[in-house]
Chemist: 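First the structure, then my questions, so here it is.
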Amino acid sequence: MTASRDKETLRRACDRFLSHDPPLNPRRTLAALAEVLPEDAEADFYGKGAVIEDFEQRIAAMLGKPAAVFGPSGKMLQNAALRVWADRKGCHTIALHPQSHIVAEEAEAAERVYGLQGSALGVPNRLARPEDLEAIAEPLGAVALEIPLRRLGCRLHPWEDVEAFAALARARGLPFHADAARIWESQPFYGRSPAEIAAPFDSLYVSFYKGLGGLAGGALAGPEDVVAEVRLWRQRCGGQLIHLFPYVAAAMKGLEERLPRMTAYHEKAKAIARALAALPGVRVSPDPPQANALLVIVETGGADLMEAALDVAESSGLWLFNEPLDSPYDGLGVFEITVREGAMALSEEEIVEGVLALQRALAEQSAGGKVA
């Protein structure tokens, strides 16, 4: 990126957003959150109070688990739960996919903060299979699946594989945990309720700020004694804030307004995939999308994909993606489209034109010029 172009400034100047949500207006956002709280609602205080306690009970019921704990960071809660399970097994090695969020996106928090280590469950370029768990001979403290696995284009395990993983974990006496941050987005593919998706797992983490559009935060659901220990870890890790009600209110609003739209998000992702797959020099993965997201693979000719996307943003006001993904292949670039309200506001024709503009910007860049 050139020094004269600030990425965040360009993003905020755009009026169309293909991936994720447009930037929030803080005043309008906070005013809207007040509408979901009762007139007599009282602020929670260090995790205590009806607002947060009632919401935790609601989430536990939605997921079919005995208890749940809310926190400002789902990653914090999830790693804490894995540490709790590992302590009980007397083994801090967790079976994790090499491309899982815990391994690839959290700055080694599992190892450096929670004292855990991973054992590779499968290989990076495909979903784990039950036989991959059978192939792990070393002792384990828990098994964790990410559903869907974002780095592979939000791919979802076949349901029979989920059940097979659960059976294998039970046979070895291992806790079975789900990084189900996007459980809401997984419902259309599985055709199951959140509780039905959660049923094979002993514990799971769910997010409220991804597809549901909340401010931040997530919940960890599972057995009462595990959840009680996770509360202690939340305090240890600085997550027991004096007030959490704004995040809870945003989660409540997301469940009310966006949970019913997950099928529409999925259908839009499939329509986008069909439109883009028809373009020369473009591929999508998975095809068709399994959740509300897909990977787009474009021929770059060695040009900088982010720079080309900034050219499109500057010339057309369309924000295509936040960051490209690492591509192992020379001359091919990869970016993610996550369908939320931004993409829902765009026609497939607008999206196709945006990707064509990206291709033109790549060609201009390779030729030594720049899109006007």
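By convention here, the first residue in the shown sequence is residue 1.
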Chemist: So, are Glu8 and Arg12 salt-bridged, with charged N and O less than 4.0 Å apart?
Modeler: yes

Chemist: Any salt bridge linking Glu323 with Lys7? Criterion: basic side-chain nitrogen under 4.0 Å from a carboxylate oxygen.
Modeler: yes

Chemist: Between Glu229 and Arg83, is there a salt bridge with N-O shorter than 4.0 Å?
Modeler: no

Chemist: Can you confirm whether Arg283 is buried at CZ, in the sense that more than 12 heavy atoms of other residues, nucleotides or ligands lie under 6.0 Å from that atom?
Modeler: no

Chemist: Take Arg258 and Glu185 through the salt bridge (charged side-chain N to carboxylate O under 4.0 Å, His left out) test and state the conclusion after the steps.
Modeler: CA-CA 10 Å; Arg258 292 206 180 182; Glu185 295 92 323; over 6 Å; no

Chemist: Among the clusters formed by ILVMFWY side chains lying less than 4.5 Å apart, do Leu294 and Leu332 turn up in the same one?
Modeler: no

Chemist: Work out which heavy atom in Pro139 is nearest to a heavy atom in Cys91; give both atom names and the distance.
Modeler: O-SG, 3.4 Å

Chemist: Could you report the tightest heavy-atom contact between Ala142 and Leu82, atom names first, then the distance?
Modeler: CB-CD2, 4.3 Å

Chemist: Is there a donor-acceptor pair closer than 3.5 Å between any side-chain N or O of Thr338 and the backbone N or O of Ser19?
Modeler: no

Chemist: For the pair His266 (side chain) and Asn292 (backbone), establish whether a donor and an acceptor sit closer than 3.5 Å, ignoring hydrogens and angles.
Modeler: no

Chemist: By the ring-ring contact (aromatic ring centres under 6.0 Å, His included) test, which pairs, at least two apart or in different chains, include something from residues 88-116?
Modeler: Tyr114-Trp233

Chemist: side-chain hydrogen bond (donor to acceptor under 3.5 Å, both in side chains) with Tyr247: which residues, sequence neighbours excluded?
Modeler: none

Chemist: So which heavy atom on Leu215 is nearest to which on Pro246, and how close?
Modeler: CD1-O, 3.9 Å

Chemist: For Ser207, is there any backbone N or O sitting under 3.5 Å from a side-chain donor or acceptor partner on Trp184?
Modeler: yes

Chemist: Is any side-chain N of the basic residue among Arg16 and Glu350 closer than 4.0 Å to the acidic one's carboxylate O?
Modeler: yes

Chemist: In the single-linkage hydrophobic clustering (I, L, V, M, F, W, Y; side-chain heavy atoms under 4.5 Å), do Leu358 and Ile272 co-cluster?
Modeler: yes

Chemist: Between Phe176 and Leu174, does the side-chain contact (heavy atoms from CB on, under 4.5 Å) criterion hold? Intermediate values first, please.
Modeler: CA-CA 6 Å; Phe176 187 36; Leu174 296 175; over 6 Å; no

Chemist: Kindly assign one of parallel, tilted or perpendicular to the pair Phe165 and His157, based on the angle between their ring planes and the thresholds 30° and 60°.
Modeler: perpendicular

Chemist: Can you find a pair of side-chain heavy atoms, one from Leu320 and one from Val312, that are under 4.5 Å apart?
Modeler: yes

Chemist: Does the side chain of Ser285 pick up a donor-acceptor pair with the side chain of Arg155 at under 3.5 Å?
Modeler: yes

Chemist: Could you walk me through whether Gln78 and His177 pass side chain to side chain donor-acceptor pair (under 3.5 Å), step by step?
Modeler: CA-CA 9 Å; Gln78 173 164 260; His177 172 81; 3.0 Å; yes

Chemist: Is there side-chain contact between Lys210 and Arg150, with at least one heavy-atom pair below 4.5 Å?
Modeler: no

Chemist: Among pairs that include at least one residue of residues 97-109, which meet salt bridge (Lys or Arg N to Asp or Glu O under 4.0 Å), considering only residues two or more places apart or in two chains?
Modeler: Glu105-Arg151, Glu108-Arg112

Chemist: Check for me, please, whether Ile59 and Leu244 land in the same ILVMFWY cluster - side-chain distances under 4.5 Å, paths through other members count.
Modeler: yes

Chemist: Test side-chain contact (heavy atoms from CB on, under 4.5 Å) on Leu149 and Arg182; report intermediate values, then the result.
Modeler: CA-CA 9 Å; Leu149 185 53; Arg182 293 171 172 82; over 6 Å; no

Chemist: Under 3.5 Å, is there a donor-acceptor pair between the side chain of Arg234 and the main chain of Phe70?
Modeler: yes

Chemist: Please give me the minimum heavy-atom distance between Cys14 and Ala313, naming the atom from each residue.
Modeler: SG-CB, 3.7 Å

Chemist: Tell me yes or no: between the side chains of Glu341 and Tyr265, is some donor less than 3.5 Å from an acceptor?
Modeler: yes

Chemist: Any chance you could lay out the side-chain contact (heavy atoms from CB on, under 4.5 Å) test for Ile197 and Ile147, step after step, and finish with the verdict?
Modeler: CA-CA 10 Å; Ile197 297 171; Ile147 55 168; 4.0 Å; yes

Chemist: Has Asn25 got more than 12 heavy atoms of other residues, nucleotides or ligands less than 6.0 Å from its CG?
Modeler: yes

Chemist: Work out which heavy atom in Ala216 is nearest to a heavy atom in Pro72; give both atom names and the distance.
Modeler: CB-O, 4.0 Å

Chemist: Give the cluster check for Leu255 versus Leu77: same hydrophobic cluster or not, with ILVMFWY residues linked at side-chain heavy-atom distances below 4.5 Å.
Modeler: no

Chemist: Is any side-chain heavy atom of Pro175 less than 4.5 Å from a side-chain heavy atom of Lys89?
Modeler: yes

Chemist: May I have the step-by-step check of side-chain contact (heavy atoms from CB on, under 4.5 Å) for Gln187 and Leu259, ending in yes or no?
Modeler: CA-CA 10 Å; Gln187 289 179 252; Leu259 187 56; 3.4 Å; yes

Chemist: Any chain of hydrophobic side-chain contacts (each under 4.5 Å) joining Val206 to Ile102?
Modeler: no

Chemist: Are any of the side-chain heavy atoms of Phe321 and Val296 separated by less than 4.5 Å?
Modeler: no

Chemist: For Leu346 and Phe17, which heavy atoms make the closest approach, and how far apart are they?
Modeler: CD1-O, 3.9 Å

Chemist: For Leu121, does its backbone N or O pair with a side-chain atom of Asp132 as donor and acceptor, under 3.5 Å?
Modeler: no

Chemist: CD of Glu42: more than 12 outside heavy atoms within 6.0 angstrom?
Modeler: no

